[in-house]
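Please see the structure below; I have some questions.
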Amino acid sequence: MQIKVTKDNEIDNWTEVILIYNSAIKQMQTKLEILNQEFQNVHQYNPIEHIKCRLKSSESIVKKLKKKGYESTIQNMIDHVNDIAGIRIICSFTSDIYKIADIIASQSDVEVQYVKDYIANPKPSGYRSYHMHVLIPVHLSDKIVETKVEIQIRTVAMDFWASLEHKIKYKFEGDTPDSLKQSLRDCSDMISALDAKMLSLNDEIQRIKTGNE
Ligand code: 0O2
């Protein structure tokens, strides 16, 4: 069952909808913490550096609905805004991103709706990240609600780039000068090269360690 609302009790519905999205975030966060701890036990290594969770603000929801050409109603928000519940996973290495994505996708109660691989195909801005749109069941007292969660997985370097680019975009209110846009694209390429270098360095360290055992 997916979330449905009726017009006559919108306030109650808003409260319930927010409770459901918050619960989905908590559940996903717990799942990821367990996975990270298990990875530490089995492989003596944490693929996840840290996790950030956020519930999209009502202002951002309204803005996104407007951008997509929908009226600001609770049902439209549920149907058309896919990142109300957002989880961002920050990893050390690009290879960790795909490892974590595979593990999440293999969980029996997680249904992957679609993925956007902005690492294989960066956005024209230079944005790199791996996005998964999943449904997870939230168990309420009288029903189970399949709830949308957007999971963004990226390296520390990609996250650094995205937060700076976001600040610049905000500062220039979407009208960033072309020279700055070009510099950001150049930085994105440098970050990609840095991630590749750090990964090969780590692989080399692992080979040396295994050779010494
Ligand atoms: P915020 O403030 O992070 O919430 P869809 O969600 O699939 O219906 P959408 O929103 O066009 O459609 O998807 P897209 O382009 O994959 O973007 C989703 C989110 O990815 C954005 O959410 C950002 O968090 C991040 N993102 C995408 N492109 C960029 C970019 O060029 N730079 C930065 N810094 N982040 C980006 P919101 O709602 O835009 O913002």
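Counting convention: from 1, in listed order, for ligands and their atoms alike. Since we're looking at a predicted model, the values are computed, not measured.
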Margin query: Could you work out, for atom 12 (O) of ligand 1, the closest of R54, K116, H166 by heavy-atom distance?
Written below: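 Minimum heavy-atom distance to atom 12 (O) of ligand 1 goes to K116.
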
Checklist line | G86 backbone acceptor or donor facing D83 side chain under 3.5 Å | finding: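 No; judged by distance alone, with no hydrogens or angles, the pair does not exist.
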
Note to self: I need the contact type for D83 against ligand 1. Using non-hydrogen atoms and a strict under-4.0 Å cut-off, is it side chain, backbone, both or neither?
What the structure shows: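 Answer for D83: side chain.
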
Margin query: Using only atom types and a distance under 3.5 Å, with no angle test, would you say the side chain of S95 pairs donor to acceptor with the backbone of F93?
Written below: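 Looks like no, no N/O pair under 3.5 Å.
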
Margin query: Out of all atoms in ligand 1, which are within 4.0 Å of some heavy atom of S125? Include the element for each.
Written below: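 Those atoms are 30 (C), 31 (O).
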
Check: For atom 33 (C) of ligand 1, what's the nearest protein heavy atom and its distance?
Finding: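 Of every protein heavy atom, E165 OE1, 3.3 Å lies nearest to atom 33 (C) of ligand 1.
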
Note to self: As an exercise, identify every atom of ligand 1 less than 4.0 angstrom from a heavy atom of N82.
What the structure shows: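 Per the distance check, 8 (O).
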
Margin query: Here's a test for you: under side chain to side chain donor-acceptor pair (under 3.5 Å), which of K148, H131, H133 qualifies with N82?
Written below: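 One option only clears the test, and that one is K148.
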
Item checked: Over 12 non-hydrogen atoms of neighbours within 6.0 angstrom of NE2 in H166 ->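 No, not enclosed.
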
Note to self: For the CZ atom on F160, are there more than 12 heavy atoms of other groups (residues, nucleotides or ligands in this structure) within a distance under 6.0 Å?
What the structure shows: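 No, not enclosed.
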
Next item on the list: List the closest protein heavy-atom neighbour of atom 11 (O) of ligand 1: residue, atom name, distance to the nearest 0.1 Å.
Entry: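 Scanning the protein heavy atoms, the shortest distance from atom 11 (O) of ligand 1 goes to K67 NZ, 4.4 Å.
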
Checklist line | Aromatic plane relationship, H43 with F39 - under 30° parallel, 30 to 60° tilted, over 60° perpendicular | finding: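 Tilted.
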
Check: Which protein non-hydrogen atom lies closest to atom 8 (O) of ligand 1, naming both residue and atom, and how far is it?
Finding: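 Nearest neighbour among protein heavy atoms for atom 8 (O) of ligand 1, to 0.1 Å: K68 NZ, 2.5 Å.
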
Notebook entry, point to check: Would you say Q152 touches ligand 1, if touching means a heavy atom closer than 4.0 Å?
Noted result: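 Yes, Q152 has heavy atoms under 4.0 Å from ligand 1.
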
Check: Taking non-hydrogen atoms only, is Y114 closer than 4.0 angstrom to ligand 1 via side chain, backbone, both or neither?
Finding: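 Only the side chain of Y114 comes within reach of ligand 1.
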
Note to self: How far is atom 16 (O) of ligand 1 from the closest protein heavy atom, and which atom is that?
What the structure shows: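 Nearest neighbour among protein heavy atoms for atom 16 (O) of ligand 1, to 0.1 Å: Y118 OH, 2.8 Å.
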
Margin query: Taking only non-hydrogen atoms of K169, do any sit less than 4.0 angstrom from ligand 1?
Written below: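 Contact check K169 vs ligand 1: positive.
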
Next item on the list: Identify, for atom 4 (O) of ligand 1, the protein heavy atom at the shortest distance, and state residue, atom and that distance.
Entry: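 Looking only at protein heavy atoms, the one closest to atom 4 (O) of ligand 1 is K56 NZ, 2.7 Å.
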
Item checked: K169 side-chain N/O to T176 backbone N/O, donor-acceptor pair under 3.5 Å ->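 A pair under 3.5 Å: no.
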
Next item on the list: Please test E49 against S92 for side-chain hydrogen bond (donor to acceptor under 3.5 Å, both in side chains), starting from the C-alpha separation and ending with a verdict.
Entry: CA-CA 6 Å; E49 283 283 331; S92 297; 2.6 Å; yes

Note to self: Starting from atom 28 (N) of ligand 1, what is the nearest protein heavy atom, named by residue and atom, and what distance separates them?
What the structure shows: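 Closest protein heavy atom to atom 28 (N) of ligand 1: K123 NZ, 3.1 Å.
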
Note to self: Does K68 have more than 12 heavy atoms from other residues, nucleotides or ligands lying within 6.0 Å of its NZ?
What the structure shows: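 Yes.
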
Notebook entry, point to check: After noting the C-alpha distance and the side-chain angles of R185 and Y127, does the key distance pass the side-chain hydrogen bond (donor to acceptor under 3.5 Å, both in side chains) rule?
Noted result: CA-CA 8 Å; R185 280 192 288 271; Y127 177 74; over 6 Å; no

Checklist line | Protein residue, atom and distance nearest to atom 20 (O) of ligand 1, heavy-atom basis | finding: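 Checking every protein heavy atom, the shortest distance to atom 20 (O) of ligand 1 gives H131 CE1, 3.0 Å.
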
Checklist line | Side-chain ion pair, D195 and R128, N-O less than 4.0 Å | finding: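 Answer for the salt bridge query: no.
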
Item checked: Where ligand 1 meets A162 - atom numbers and elements under 4.0 angstrom, heavy-atom basis ->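 Going through ligand 1 atom by atom, the ones under 4.0 Å from A162 are 34 (N).
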
Notebook entry, point to check: Which protein non-hydrogen atom lies closest to atom 25 (C) of ligand 1, naming both residue and atom, and how far is it?
Noted result: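 The answer is Y127 OH, 3.3 Å.
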
Margin query: For Y130 and Y98, I'd like to know if the aromatic rings sit close, meaning centre-to-centre distance below 6.0 Å.
Written below: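 Centroid distance Y130-Y98: below 6.0 Å, so yes.
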
Next item on the list: Report yes if some N/O of W161 lies less than 3.5 Å from some N/O of ligand 1; otherwise report no.
Entry: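 For ligand 1, there is no N or O atom that lies under 3.5 Å from one belonging to W161.
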
Notebook entry, point to check: Can you find a protein heavy atom under 4.0 Å from atom 39 (O) of ligand 1?
Noted result: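 No, there is no protein heavy atom closer to it than 4.0 Å.
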
Checklist line | Numbered atoms and elements of ligand 1 in range of E150, under 4.0 angstrom, heavy atoms | finding: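 Matching atoms, with element in brackets: 18 (C).
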
